Each structure stands twice: as C-alpha cells, then as structure tokens.
Visitor: 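The structure is given below, and queries will be raised subsequently.
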Amino acid sequence: MFRLDEDFAPFYALIENDAALSWAAKGAGRLLAAPTVFEDVVKTICTTNCAWSGTVRMVSALVNDLGAGAFPEPKTMAAAPVRFYRDAARAGYRGAYLKALARDVASGALDLELLRPECGLLDAEVEERLLALPGVGPYACAHIMMLIGRYHRLVFDSWTRPAYLRVSGRRRASDRAIERSFRPYGPFAGLAFWLMLTRGWVPAEG
DNA sequence: CGTCCAGGTCTAC
DNA sequence: GGTAGACCTGGACGC
C-alpha cells in the first residue's frame with residue numbers, strides 16, 4: 001500500500017539540490033494507497049463535491065454494511081440494492097456511479113488493476129481510461145493516478161488551491177499557471193506539488 | 001428557514 | 001475549448 005517496491009531514487013536525484021524540496025529527498029513521498037485500484041477509484045469518487053464528513057459516511061457504510069469490516073468486493077457492491085447507496089451510504093447521485101462501476105469490474109468488462117504502472121500502459125492512456133469512468137473528472141483522475149504511482153498530474157481541488165497560495169505567497173494563481181511552474185519536475189510534477197503543500201505535515205527536524 | 005458550498009462532474013450550449 | 005446550471009447530501013451561516 002506504500003509501494004515499497006518502487007524506487008524513489010530518480011525523484012530524489014531530481015530534487016536533491018532543489019531549494020523548496022530537497023528536504024523530501026531523505027525518504028518522503030510515499031502515499032498510502034488502497035490494496036486495489038478499484039478501492040482507490042471508489043473512495044476517490046466518494047471525495048468529490050462533498051465535505052470530508054460525507055466521504056467518511058459513504059466509505060464507512062461500504063466497509064461496515066457490505067464488507068463486514070473490510071472494503072467490499074466489487075461483486076458485493078454490485079449486488080447491493082440501490083436503496084443501500086441512497087439510504088445507508090447516502091451517496092446521492094454518486095450511488096449510480098458506484099454500483100455501475102462495481103458491476104463492470106465484477107463482470108470483468110473493466111479491469112482497473114491494469115492501470116498500475118507495472119502493467120506498462122502509458123500515462124496518457126491511463127488518464128483517458130480513468131476520465132471515461134462516470135464520476136471521474138480531472139481532480140479524481142489526477143488523485144487516482146498519484147495513488148497508483150503515476151505522478152505527472154497535479155491534483156487541483158478546494159484544498160490544494162488555497163494551500164498553494166499560502167505556500168507560494170501568491171495572491172492568485174490559475175491551475176494552468178501552477179502546472180506550468182511545476183513542469184521542470186516532469187513525470188514527478190504532481191508529487192512535487194503535493195509535497196510542497198504538505199511539507200508542514202512532516203515533523204521539523206531537531 | 002433559506003442560502004451556500006465542501007478534496008467536482010456532467011451536459012448543453 | 002471554454003463556461004453556466006444542475007446535481008445528492010448535510011453542516012455552517014445569516015436572517
């Protein structure tokens with residue numbers, strides 16, 4: 001779940017002399033992902049257009065009511081009635097997205113695990129496939145790709161935008177402008193962006 | 001009680 | 001390709 005098999009040396013080499021990111025070269029950058037891409041996609045859809053309390057409510061219902069304490073299998077989510085998504089998870093319009101996604105994964109029509117970097121697909125192709133999923137837009141796509149170890153895209157949402165203004169000291173900054181400023185980080189642009197925003201989460205060295 | 005919006009996305013121009 | 005409106009839900013906020 002921390003992708004410990006992944007070699008971060010290329011990223012650390014890129015930032016070792018970077019004024020804003022060299023601190024991270026001592027071992028930062030691993031994101032906690034779910035065991036399956038399916039789970040990451042479901043959870044990410046549950047973060048869209050709602051407060052964090054809503055995300056907790058939806059995912060808790062999936063785990064407690066359908067998975068008996070663990071994240072449910074696609075076939076279990078597919079078999080859950082519409083009223084579960086409406087009345088228990090209170091997922092609103094996301095309910096139909098989640099049930100259809102689970103159905104397609106359970107049937108084998110959709111293989112999300114194939115999107116992992118070790119399976120060889122190009123970032124652009126993975127991005128295209130993720131954006132094709134109902135409920136997955138630019139934010140969710142970038143977020144899911146980060147979690148599976150594809151760090152090119154920057155995650156823009158109502159938390160990262162103001163967080164960037166605070167860190168950068170700018171008054172305004174369009175998404176395009178921010179993307180441009182992170183272009184030097186190439187395939188690690190999204191990870192560099194995330195680390196700059198979350199630097200305060202890492203305890204300062206004594 | 002009505003409005004706004006939170007770790008957005010989809011559709012229709 | 002860029003942008004209003006609608007969309008489930010519920011907590012915060014103003015009145």
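Chain letters run A, B, ... following the sequence lines, proteins first and then strands; every chain starts at 1. What you see is a predicted model, and the numbers here were worked out from it, not measured in a lab.
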Visitor: What interatomic distance, in whole Å, is found between P of dC5(B) and the corresponding atom of dC15(C)?
Guide: 15 Å
Visitor: Figure out the CG/P separation between D175(A) and dG2(C), and round it to whole Å.
Guide: 12 Å
Visitor: Taking atom P in both dC1(B) and dC8(C), compute the distance separating them and give it to the nearest angstrom.
Guide: 23 Å
Visitor: If hydrophobic clusters are built from ILVMFWY residues whose side chains come within less than 4.5 Å, do L122(A) and V126(A) share one?
Guide: no
Visitor: Walk me through it: do E125(A) and R129(A) pass the test salt bridge (Lys or Arg N to Asp or Glu O under 4.0 Å)?
Guide: CA-CA 6 Å; E125(A) 190 165 9; R129(A) 293 190 190 191; 3.2 Å; yes
Visitor: Look at R90(A) and dG10(C) and indicate whether a side-chain polar atom (N or O) is within less than 4.0 Å of OP1 or OP2.
Guide: yes
Visitor: Hydrophobic clustering (ILVMFWY, side-chain heavy atoms < 4.5 Å, transitive) - are V41(A) and L31(A) grouped together?
Guide: no
Visitor: Parallel under 30°, tilted from 30 to 60°, perpendicular over 60°: which one fits the rings of F193(A) and F156(A)?
Guide: tilted
Visitor: Angle class for the W159(A)/W201(A) ring planes (parallel below 30°, perpendicular above 60°, tilted otherwise)?
Guide: tilted
Visitor: Would you indicate what R94(A) reaches in the nucleic acid, counting non-hydrogen atoms under 4.0 angstrom: base, sugar-phosphate, or nothing?
Guide: base
Visitor: Does a nitrogen or oxygen in the side chain of R176(A) sit under 4.0 Å from OP1 or OP2 of dG2(C)?
Guide: yes
Visitor: Note every stem involving DNA chain C: at least three consecutive Watson-Crick or G-U wobble pairs, i with j then i+1 with j-1, with both distances under 3.5 Å.
Guide: B:1-6 with C:9-14, B:8-13 with C:2-7
Visitor: Linking I/L/V/M/F/W/Y whenever any side-chain heavy atoms sit under 4.5 Å apart, do V136(A) and L62(A) land together?
Guide: yes
Visitor: What residues, two or more places apart in sequence or in another chain, satisfy salt bridge (charged side-chain N to carboxylate O under 4.0 Å, His left out) together with D123(A)?
Guide: R150(A)
Visitor: Expressed in whole Å, how much space separates the C1' atoms belonging to dG7(B) and dT3(C)?
Guide: 22 Å
Visitor: Do L195(A) and I148(A) share a hydrophobic cluster, counting only Ile, Leu, Val, Met, Phe, Trp and Tyr and linking them when any side-chain heavy atoms are less than 4.5 Å apart?
Guide: no
Visitor: Taking the same atom, P, in dG11(C) and in dT9(B), what whole-Å distance lies between them?
Guide: 23 Å
Visitor: Could you give me the CA-CA distance, side-chain angles and deciding distance for C46(A) and Y97(A), then say whether side chain to side chain contact (heavy atoms under 4.5 Å, CB included) is met?
Guide: CA-CA 10 Å; C46(A) 289; Y97(A) 295 160; over 6 Å; no
Visitor: Looking only at atom P, what distance separates dG1(C) and dG8(B), rounded to whole Å?
Guide: 25 Å
Visitor: I'd like to compare against my own output: the B/S/- annotation of nucleotides 2-9 of chain B with a strict under-4.0 Å heavy-atom distance to protein.
Guide: ----BBBS
